[in-house]
Amino acid sequence: MRIEGISAKKTSHFSVILEVFEVAPTFFMVDIQKAAGDASEYLKFYKNFSSNLEDIIWKSPHETSKLKTSKNRSKRH
């Protein structure tokens, strides 16, 4: 699937290629690539997209402990 977006200020655009692969009946892999356009707009899209999926994204135990550590550090400041 190819998705195109326009920035909120309508000054730039970007497009991404989004592929979803079914690895197992309840396990999917999503691959997102910037196809064209503004890199900063793509980065905003990617961060928003992945944060909306945060509750269902599998992370290894090592990644999970790293995230907890960095969240705790950011709360202290």
Undergrad: With sequence neighbours left out, write down each residue that passes ring-ring contact (aromatic ring centres under 6.0 Å, His included) with Tyr46, or none if nothing qualifies.
TA: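 Partners of Tyr46 by the ring-ring contact (aromatic ring centres under 6.0 Å, His included) criterion come out as none, since no residue qualifies.
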Undergrad: My understanding is that only residues two or more places apart in sequence, or in another chain, count here; which of them pass side-chain hydrogen bond (donor to acceptor under 3.5 Å, both in side chains) with Ser50?
TA: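 Residues passing side-chain hydrogen bond (donor to acceptor under 3.5 Å, both in side chains) with Ser50: none at all.
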Undergrad: Taking Lys44's backbone N and O only, do any of them form a donor-acceptor pair with Asn48's side chain (distance below 3.5 Å, no angle check)?
TA: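 Not a single qualifying donor-acceptor pair exists.
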Undergrad: Can you list everything that forms a side chain to side chain contact (heavy atoms under 4.5 Å, CB included) with Asp55? Sequence neighbours excluded, please.
TA: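 Per chain and number, Asp55 pairs via side chain to side chain contact (heavy atoms under 4.5 Å, CB included) with no residue.
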Undergrad: Honestly curious: do Tyr42 and Leu18 fall in one hydrophobic cluster under the side-chain, below-4.5 Å linking rule?
TA: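 Yes, Tyr42 connects to Leu18 through the hydrophobic network.
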Undergrad: Does Phe45 have any ring-ring contact (aromatic ring centres under 6.0 Å, His included) partners at least two apart in sequence or in another chain, and if so, which?
TA: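 So Phe45 forms a ring-ring contact (aromatic ring centres under 6.0 Å, His included) with Phe14, Phe49.
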Undergrad: Could you list the donor-acceptor pairs under 3.5 angstrom formed by side chains in residues 23-37, with sequence neighbours left out?
TA:
residue: Asp31; atom: OD2; partner: Gln33; partner atom: NE2; Å: 2.9
residue: Lys34; atom: NZ; partner: Gly37; partner atom: O; Å: 3.3

